[in-house]
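Structure record follows, encoded as structure tokens.
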Amino acid sequence: MPERLDRILAGNRVEEVGRRGKFLFLRWRRGSLLIHLGMSGSLRVVPDRAPPERHDHLDLLLPRRLRLRFRDPRRFGLVRLAGPKPLAEPPLADLGPEPLAEGFDGVVLRRAFRGRRAPVKVLLLDGRVVAGIGNIYACEALHRAGVRPDRPAGSLAERRCVRLAGAIREVLARAIEAGGTTLRDFRTAGGEAGWFRRELSVYGREGEPCPSCGRRVRNDRLAGRSTFWCSRCQT
DNA sequence: ACACGCCCCTGTTAGC
DNA sequence: TGCTAACAGGGGCGTG
């Protein structure tokens, strides 16, 4: 084990397990590990005897003959050493507000959007504006709020920002209750599929009728990402 | 500061 | 049936 890693981890207790946006972190007294699962990563606790399989990249040795195993087929994920205050340094320090934290509301969103001409969806996906919103929930929140994904962010009046902030919080909270959205790989911590996919209004439903108005759901490419939306409900 | 496009990589699936 | 191309949930970085 590299010396710095050894000095931080070996024999020492994990003081904190945390999350900021989509980054996870494990914190020891002298440093921490940032972990991001990217699009296809997973962390599982496995017995020592379980042999590593294809795409298993890292084991953290735990007490009781267990291991925390990081797997990431697509390698869009990340494990990186950081200091003892991971929240205080990039990339975590650069993240915008947590959408489910107290104080996240339309006023905060309006302030972040002010003067910006980029499409509102692009800003929702930008962690520096709001932390942790991915493509699925950006699409869903915009639909729920009745906002066109390509509308210049700065053109949204405050009341629409209020509605959008509320939609973001509702969609995320509901998705968490349902155990997340399993399209293919994603599993809950318990290894089960997440059931929010059944509740998606537009994401992955190109050509199907909008659940609000019946018009066919569109899928346009915006900033290189699939963008599902209803051209009647979302203005 | 901001907007935009491209890149990383592998696996699955749609289409021919 | 088998091959190829397109696409996928994310984020960082370079350019203008």
Side-chain angles (χ1 to χ4, degrees), chain A residues 19-25 33-43 52-58 70-82 86 89-99 109 111-143 149-156 168 171-172 174-176 178-189 191-207 217-229:
Chain A
R19 176 197 67 79
R20 181 84 168 87
K22 290 189 177 178
F23 291 87
L24 310 172
F25 63 87
L33 282 182
L34 302 186
I35 302 171
H36 197 295
L37 300 179
M39 299 239 249
S40 60
S42 63
L43 283 174
E53 296 173 19
R54 186 169 165 76
H55 304 310
D56 287 341
H57 302 303
L58 174 75
F70 175 69
R71 170 181 296 179
D72 185 17
R74 208 173 156 186
R75 290 198 265 159
F76 276 25
L78 151 87
V79 176
R80 187 205 293 181
L81 198 55
E89 59 179 289
L92 303 194
D94 296 332
L95 292 173
E98 287 288 330
L109 216 45
R111 191 159 51 227
F113 288 170
R114 187 172 297 260
R116 306 285 304 263
R117 276 171 301 186
V120 57
K121 182 183 173 229
V122 171
L123 294 198
L124 291 185
L125 292 175
D126 183 341
R128 294 166 299 184
V129 174
V130 200
I133 300 178
N135 200 33
I136 297 175
Y137 303 129
C139 290
E140 292 297 305
L142 287 165
H143 179 261
D150 62 352
R151 174 177 286 281
S155 76
L156 288 176
I168 289 167
V171 165
L172 291 179
R174 182 64 203 115
I176 289 169
T181 306
T182 298
L183 298 177
R184 172 180 297 155
D185 304 318
F186 172 79
R187 288 294 179 273
T188 66
E192 293 148 14
W195 291 105
F196 194 69
R197 185 177 190 177
R198 304 182 323 115
E199 297 183 36
L200 296 175
S201 294
V202 289
Y203 188 90
R205 299 196 184 280
E206 179 179 5
V217 171
R218 301 178 51 163
N219 175 13
D220 296 318
R221 199 148 285 276
L222 188 58
R225 314 294 298 276
S226 291
T227 301
F228 298 90
W229 66 293

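Chain naming here is simple, since letters A, B, ... match the order of the sequence lines and numbering starts at 1 in each. Given the structure is predicted, the values throughout are model-derived calculations rather than measurements. Atoms considered below: every heavy atom in the structure, side chains included; atoms not considered: hydrogens, waters and symmetry mates.
Using a 4.0 Å heavy-atom cutoff across all strands shown, T181(A) reaches at least one base atom of the nucleic acid. The residue R184(A) sits close to a base: some heavy atom pair falls under 4.0 Å. P152(A) comes within contact range of no nucleotide atom at all, as no heavy-atom separation falls under 4.0 Å.
As rounded to whole Å, 15 Å separates atom C1' of dC9(B) from atom CG of L78(A). Rounded to a whole Å, the CG atom of L124(A) is 14 Å from the P atom of dA3(B). Atoms CG (D126(A)) and C1' (dC2(B)) sit 10 Å apart, rounded to a whole Å. In this entry the distance linking CE of M39(A) with P of dC7(C) reads 13 Å, nearest Å. Atom-to-atom, CG of D150(A) to P of dA3(B) comes out at 14 Å; the value is rounded to the nearest Å. When rounded to the nearest whole Å, the span between CZ of F196(A) and C1' of dG9(C) equals 14 Å. Summarising the geometry, the separation between CG on L125(A) and P on dC4(B) is reported as 14 Å, rounded to the nearest angstrom. Rounded to an integer number of Å, the gap from R221(A) CZ to dC7(C) C1' is 7 Å.
A gap of 23 Å separates the C1' atoms of dG12(C) and dG11(B), to the nearest Å. For the P atom pair drawn from dG11(C) and dT12(B), the interatomic distance equals 23 Å after rounding to whole Å. Between dC7(C) and dG5(B), the two P atoms lie 16 Å apart (nearest whole Å). Of the P atoms belonging to dG9(C) and dA14(B), the separation is 15 Å, rounded to the nearest Å. Between dC6(B) and dA6(C), the two P atoms lie 14 Å apart (nearest whole Å).
Using modelled atom types, one side-chain atom of H57(A) and one backbone atom of D72(A) make a donor-acceptor pair closer than 3.5 Å. With hydrogens and angles disregarded, a donor-acceptor distance shorter than 3.5 Å links the side chain of N219(A) to the backbone of T227(A).
When each of dC4(B), dG12(C), dG9(C) is scored by its nearest atom to the side-chain atoms of P119(A), the top-ranked nucleotide is dC4(B). Of the candidates dG11(C), dG11(B), dC7(C), the closest approach to any side-chain atom of P73(A) belongs to dG11(B). For H55(A), the side-chain atoms get nearest to dG11(B) when compared with the rest of dC2(B), dG12(C), dG11(B). Residue F76(A) places its side chain closer to dC8(B) than to any other of dC8(B), dT10(B), dG12(C).
Ranked by how close their nearest DNA chain B nucleotide is to the 5' end, A118(A) and D185(A) are led by A118(A). When each of A223(A) and R54(A) is assigned the nucleotide of DNA chain B bearing its nearest heavy atom, the one mapping closer to the 5' terminus is A223(A).
Pair assignment for dT10(B): dA8(C), on the basis of Watson-Crick or G-U wobble contacts that are both within less than 3.5 Å.
In this structure, Y203(A) and W229(A) have side chains that are not in contact, with every pair of non-hydrogen atoms separated by 4.5 Å or more.
Between H36(A) and dG11(C) there is a side-chain polar atom (N or O) within less than 4.0 angstrom of OP1 or OP2. Within the 4.0 Å cut-off from OP1 or OP2 of dG9(C), at least one side-chain nitrogen or oxygen of R225(A) is found.
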Original post:
Where do D94(A) and R128(A) land on the salt bridge (Lys or Arg N to Asp or Glu O under 4.0 Å) test, with the steps shown first?
Top reply: CA-CA 6 Å; D94(A) 296 332; R128(A) 294 166 299 184; over 6 Å; no
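A salt bridge is defined here as a Lys NZ or Arg NE, NH1 or NH2 lying under 4.0 Å from an Asp or Glu carboxylate O, and R218(A) with E206(A) fails to meet this definition. Using a 4.0 Å cut-off between a side-chain N of Lys or Arg and a carboxylate O of Asp or Glu, R19(A) and E98(A) qualify as a salt bridge.
Taking only distance into account, the side chain of R74(A) meets the base of dC9(B) through a donor-acceptor pair shorter than 3.5 Å.
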